[in-house]
Amino acid sequence: MFGLAVPAARDDRSGRRYRLAQEAGLPPRIIARRRHGEPEHRAEVVIENDIAWRVQAMVDFMFGKPVRLVSTARDERVRGAIERALDAVWEGSGGIALFQEAALLGHVYGHVDLVLRAVLPAPSGGHAATHPPNFEAALRDGRVLRVEAVEPTRGIPFPDPEDYRRLRAFAIHVPGEEPAARGVDRGVASGAHRSSVTEVIEPREWRLYRDGRLIARVQNRLTPDRLPVVHIQNIAQPFSFEGQGEVEPLIPMQDELNTRLSDRASRVTLQSFRMYLAKGVEGFDTAPIGPGAVWSTDNPAAEITAFGGDADSPSEAAHIQEVRE
């Protein structure tokens with residue numbers, strides 16, 4: 001999600017065969033390539049993905065262990081049956097993985113929608129189901145019910161015009177793909193494509209469309225008076241259905257951090273290697289310099305001077321530390 005890499009251009013001489021998505025926020029002086037007859041060259045690019053591990057740490061902190069749902073029914077037998085049914089539903093929906101998935105979507109997009117489904121047999125011949133499921137049995141067997149987290153890029157809410165906090169309907173749309181988009185040879189799969197699927201959920205019925213054509217309609221007997229969708233905002237925004245995520249506010253700070261780290265990498269590349277100026281030493285240019293090397297000369301004016309090397313930059317280190325914090 002945050003570390004998406006794309007292939008680099010073949011004529012790029014930076015030595016890397018990939019690009020990271022975070023490079024889009026770096027200034028042109030770092031990511032632009034020289035042209036006008038000069039050899040193409042890109043500066044050293046450093047990407048430190050602090051956003052990914054921060055979001056993952058928050059998800060692990062929130063749901064590091066399973067969540068227990070406790071019933072408040074007065075009857076002990078009823079309370080135990082409800083808790084067992086809820087545990088079965090949550091475990092059948094993914095358990096702690098469902099909570100972690102919902103938390104990740106909320107942190108990234110700002111909100112997440114949970115849909116309660118009844119696992120019904122598929123209608124035959126495109127006709128609507130005529131026999132409603134036995135939901136008393138469903139409570140005894142949690143595998144009949146499933147809670148699904150819907151990615152905001154697929155979920156389409158239909159808010160009530162009189163109250164933005166309420167939903168009249170909710171749609172889930174999965175667009176189709178052409179063969180070329182999936183890497184399929186057009187000659188092999190000529191005319192083949194994956195159909196787009198749209199699911200419309202209303203308080204009283206559920207409809208399924210394929211390529212815009214209605215193929216199934218089922219009466220909603222699970223929650224006939226309300227929409228089986230729960231909308232959760234990460235950070236609430238006044239008068240807005242969508243919430244605020246954790247990623248978007250951090251992107252400018254991430255770009256600033258990567259810019260300074262890339263600048264420091266360029267400076268270190270130019271200054272970190274020591275250079276030597278030899279005077280009056282014969283053969284200095286033919287023998288390598290290394291540990292244990294012994295140089296001798298009869299010239300009393302011989303001299304070897306070292307220069308270069310990385311210099312300390314306290315202001316740069318302080319700025320990078322402040323950006324991290």
Side-chain angles (χ1 to χ4, degrees), residues 1 59 63 89-129 132-133 135 138 142-161 163-179 181-182 192-234 236-237 240-245 247-248:
M1 174 172 54
V59 172
F63 299 108
V89 170
W90 283 110
E91 289 300 322
S93 303
I96 190 173
L98 174 65
F99 288 104
Q100 293 177 343
E101 182 181 18
L104 179 60
L105 293 175
H107 283 313
V108 174
Y109 294 101
H111 68 277
V112 63
D113 296 290
L114 300 179
V115 177
L116 178 63
R117 296 183 180 277
V119 183
L120 304 175
S124 60
H127 299 288
F135 290 109
R143 291 176 297 178
V144 179
L145 301 177
R146 186 176 76 249
V147 179
E148 176 185 338
V150 180
E151 188 177 3
T153 56
R154 297 191 297 118
I156 306 173
F158 294 89
D160 191 330
D163 187 356
Y164 72 95
R165 294 168 296 183
R166 300 178 55 185
L167 292 179
R168 283 192 171 182
F170 189 81
I172 303 175
H173 179 68
V174 181
E177 293 182 359
E178 294 296 332
R182 293 178 286 143
H193 70 281
R194 190 178 70 179
S195 303
S196 63
V197 178
T198 304
E199 178 183 355
V200 180
I201 305 173
E202 294 182 348
R204 296 192 176 275
E205 71 174 2
W206 168 88
R207 298 191 303 274
L208 183 65
Y209 297 84
R210 186 181 301 275
D211 289 335
R213 183 173 59 89
L214 179 64
I215 62 173
R217 174 180 289 176
V218 179
Q219 187 176 1
N220 179 20
R221 296 183 180 271
L222 179 63
T223 56
D225 297 329
R226 62 181 61 185
L227 196 67
V229 176
V230 176
H231 178 69
I232 304 174
Q233 289 184 332
N234 180 56
Q237 296 190 105
S240 176
F241 180 81
E242 296 81 7
Q244 181 177 351
V247 174
E248 186 175 357

Rounded to the nearest 0.5 angstrom, the CZ-OH distance for Arg217 and Tyr209 is 6.5 Å

Quick check for you: to the nearest 0.5 Å, what is the distance between Ile215 atom CD1 and Arg207 atom CZ? 13.0 Å

More than 12 non-hydrogen atoms from neighbouring residues, nucleotides or ligands closer than 6.0 Å to CZ on Arg154, yes or no? yes

Once you round to the nearest 0.5 Å, how far does CG of Asp113 lie from CD of Glu151? 11.5 Å

Other residues, nucleotides and ligands only: do more than 12 of their heavy atoms fall within 6.0 Å of CD on Gln237? yes

Under 3.5 Å, sequence neighbours excluded: what are the donor-acceptor pairs made by side chains of residues 92-100?
| unit_1 | atom_1 | unit_2 | atom_2 | d |
| --- | --- | --- | --- | --- |
| Ser93 | OG | Val89 | O | 2.8 |
| Ser93 | OG | Val147 | N | 2.7 |
| Gln100 | NE2 | Phe63 | O | 3.1 |

Nearest-0.5 Å distance, CD1 of residue Ile156 to CD1 of residue Ile172: 9.5 Å

Atom of Val112, atom of Ala149 and distance for their closest heavy-atom approach: CG2-CB, 4.4 Å

In terms of heavy-atom contacts, Asn234 and His107 come closest through OD1-ND1, 3.5 Å

Scanning both residues in full, the closest heavy-atom pair of Leu214 with Leu208 reads CD1-O, 3.5 Å

Classify the ring geometry between His231 and Phe241 as parallel (under 30°), tilted (30 to 60°) or perpendicular (over 60°). parallel

Looking at Arg168, is its backbone amide N or carbonyl O close enough to the side chain of Asp160 to form a donor-acceptor pair, meaning the two atoms are under 3.5 Å apart? no

Check whether Asn220 reaches the backbone of Pro203 with its side chain - one donor and one acceptor, N or O, closer than 3.5 Å. yes

Looking only at heavy atoms, what is the nearest atom pair of Ser195 and Asp211, with distance? OG-OD2, 3.2 Å

Residue pair Pro152 / His111: nearest heavy atoms and the distance that separates them: CG-O, 3.3 Å

For the CG atom of Leu167 and the CZ atom of Arg226, what is their distance to the nearest 0.5 Å? 13.0 Å

Rounded to the nearest 0.5 Å, how far does CD of Glu202 lie from CZ of Phe158? 9.0 Å

